[in-house]
Amino acid sequence: EKAGYKHFMLKEINEQPRAIRDTTLGRVSLDTGKVFLEAMQLTDDDLRNASQITIAACGTSWHAGLAGKFMIERLARLPVEVDYASEYRYRDPIADPRAIGLLITQSGETADTLAAQAELIAKGSKTLAICNVVGAAITRKAQGTLTTNAGPEIGVASTKAFTAQLTALFVLALHLAQVRGTISDEESLHLVTELSKLPGKLASLLNINSPDAPGSSEGVAAPTRLSQNAGHNKNVSFRPEAQSDLSGLTQNVSSRPERSGVEGPPHFATDRRSTTRQPLSAQCEELARLFHTSDDFLFLGRGIHYPIALEGALKLKEISYIHAEGYPAGEMKHGPNALIDESLPVVCIATKDPNDPSSVLKYEKTLSNIQEVTARSGRVIAIAIEGDTEISQLVEQTIYIPQAPELLLPILEVVPLQLLAYHIAVRRGCDVDQPRNLAKSVTVE
Ligand code: F6R
């Protein structure tokens, strides 16, 4: 049932290449860059004339919504507000018939999210759902549903459903942009091509030969020598990702192939100095060994990476019971810097898309924030882009992920955070798939 994995969570983390592929497949054309969404009761005119999008969701799905705001506002130039579904109806929200409500939910049965949908409908808004369960309650009242094809998620901590939600939000943002005329054909084609490369990049990051194969870095008896270099400057890297994508699969938007086309050798993190090749999972296991006794963790990110910092903190909290907070990197100096000392691990998402000036600027600001943490003896674990040697000079630990456009980076950068939480929880002897006090589907308000 767990396909040889020790826990459902680990199996589901490793299923992400397939989940992303299946959420993309049939919805994009690699020839034209056009997005095709399933039939819905919302017309293109409804989308064109929309005044705003109101996202309501809970927990991990809310984090996906926060990232979706960046995608939709940037590509479709449409204002987006994101609410906790559990709060939405208690603030007499302003919604109108031109506003579109977007409910994001893995189960489609979360009571708070259903209540937010009812409030939106009562105010005259039309609603769309992003949901992983076909026919779930939320989809029955929605004017359209974008199904995340992540497959059943058994582990209580959401992993593959989250990255599938991010994928669905990206596809929706592209569709809105195309309908509203805010994106060029060339940019559309570029982004769709990049989206199609994600399953291969994820497989490479997870050290899986094919998204269809259950194989993972687990069980790979790779030497795990994350050597400590006077406490600092660890250089680890990935070989360039497999040049694999969905080509040939998405050309014909209606056919579903048997295989993904993701091929190529497994890819490992590499310690350049020792030439020890290290899979991501082994690297996270080593970080877990170093940090599993910490009482607190901080996760920092800027822009679209901030919701991923929140998600990294939530994963750690719920399965390892370690207190963790996600914070916008730039807010540290407004208070939380006071928390930093030599015992505090600070996970900083410091990725960048070198082709995107706003992303580079954000990265540079994040570097300054990291320096503020290291100056106060905080122990920084950075998530960075493959080949970034600047960052590894600054911090104690670096985990590299493959390059991608800014709006797609969250799908890659959350993976090491999931594995870090997983390995810390395992080390602490926690019940990873069934954390205390939590249920998979929360059907009470
Ligand atoms: C965290 C987690 C929860 C859910 C939340 C919403 O790992 O799984 O935070 O994301 O309860 O659930 P859905 O998406 O089913 O509405």
Side-chain angles (χ1 to χ4, degrees), residues 7-13 15-16 19 23 55-68 82-88 101-120 127-142 145-169 299 307-322 324-326 410 414-415 417-422 424-425 430-445:
H7 297 96
F8 282 111
M9 183 181 177
L10 190 58
K11 172 174 177 270
E12 288 159 5
I13 288 171
E15 283 172 349
Q16 290 181 109
T23 302
I55 295 178
C58 298
T60 287
S61 299
W62 180 70
H63 297 154
L66 290 176
V82 190
D83 271 86
Y84 283 116
S86 56
E87 290 286 327
Y88 186 66
L102 176 60
L103 294 316
I104 307 172
T105 165
Q106 187 283 130
S107 62
E109 307 288 344
T110 300
D112 287 320
T113 310
L114 289 169
Q117 183 185 39
E119 180 73 22
L120 280 155
T127 64
L128 282 178
I130 290 180
C131 182
N132 197 42
V133 178
V134 175
I138 204 98
T139 67
R140 297 201 282 272
K141 292 210 171 117
T145 300
L146 211 62
T147 305
T148 43
N149 296 317
E153 195 177 61
I154 312 291
V156 164
S158 186
T159 52
K160 63 176 179 172
F162 177 66
T163 42
Q165 287 167 344
L166 294 174
T167 305
L169 282 158
F299 290 76
I308 305 308
L310 292 178
E311 176 61 8
L314 178 60
K315 286 290 89 88
L316 191 64
K317 275 184 269 207
E318 66 183 330
I319 63 169
S320 77
Y321 318 144
I322 294 177
E325 270 192 79
V414 75
V415 174
L417 306 188
Q418 295 166 342
L419 282 170
L420 181 64
Y422 172 80
I424 289 178
C430 299
D431 186 345
V432 174
D433 285 334
Q434 290 285 338
R436 68 187 182 202
N437 309 337
L438 298 177
K440 183 66 186 161
S441 186
V442 185
T443 52
V444 290
E445 283 182 56

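Each ligand, and each atom within it, is numbered from 1 in the order the structure gives. Along the sequence shown, residues are numbered consecutively beginning with 1.
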Rounding to 0.5 Å, atoms OG1 (Thr113) and CD1 (Ile104) come to a distance of 9.5 Å
Residue and atom name of the nearest protein heavy atom (relative to atom 11 (O) of ligand 1), distance in Å to one decimal: Val442 CG2, 4.1 Å
Which of the ligand 1 atoms, numbered from 1, are nearer than 4.0 Å to a heavy atom of Ser158: 7 (O), 8 (O)
His7 and Tyr422 aromatic ring geometry - parallel, tilted or perpendicular at 30°/60° bounds: perpendicular
Could you tell me which atoms of ligand 1, counted from 1 in the order shown, lie closer than 4.0 angstrom to a heavy atom of Glu318? 1 (C), 7 (O)
Atom 8 (O) of ligand 1: which protein heavy atom is closest, and how many Å away? Val156 O, 3.3 Å
Starting from atom 6 (C) of ligand 1, locate the nearest protein heavy atom and write down its residue, its atom name and how far away it is, to 0.1 Å. Cys58 O, 3.3 Å
In this structure, atom 12 (O) of ligand 1 is nearest to the protein heavy atom Thr110 OG1, 3.5 Å
From Thr105 OG1 over to Leu114 CG, what is the distance, rounded to the nearest 0.5 angstrom? 7.5 Å
Using side chain to side chain contact (heavy atoms under 4.5 Å, CB included) as the criterion, point out the one residue from Ser61, Cys58, Ser86 that pairs with Thr110. Cys58
Considering distance alone, does some N or O of Gln106 sit under 3.5 Å from an N or O of ligand 1? yes
Using a 4.0 Å heavy-atom cut-off, say whether Thr105 meets ligand 1 through its side chain, its backbone, both or neither. both
Relative to the heavy atoms of Ala157, which atoms of ligand 1 are at a distance of less than 4.0 Å? 7 (O)
Given the options Lys315, Gln165, Gln106, Thr60 meets side-chain hydrogen bond (donor to acceptor under 3.5 Å, both in side chains) only with Lys315
For Thr23 and Asn149, which I'm curious about, is there any donor-acceptor pair between the side chains at under 3.5 Å? no
Salt bridge present between Glu153 and Lys440 (N-O < 4.0 angstrom): yes
Quick one: nearest non-hydrogen protein atom to atom 15 (O) of ligand 1, plus distance? Ser107 OG, 2.7 Å
What residue and atom, counting heavy atoms only, is the protein's closest point to atom 4 (C) of ligand 1, and at what distance? Thr60 N, 4.1 Å
Qualifying residue, where the test is side chain to side chain contact (heavy atoms under 4.5 Å, CB included) with Phe162 and the options are Glu12, Gln16, His63: His63
Taking 4.0 Å as the limit for heavy-atom contacts, which would you say applies to Lys440 with ligand 1: side chain only, backbone only, both, or neither? neither
When you measure from the heavy atoms of Asp112 to every atom of ligand 1, does any distance fall below 4.0 Å? no
Can you tell me which portion of Lys315 lies within the under-4.0 Å heavy-atom range of ligand 1? Options are side chain, backbone, both, or neither. side chain
What's the separation between atom CD1 in Ile130 and atom CG in Leu146, rounded to the nearest 0.5 Å? 5.5 Å
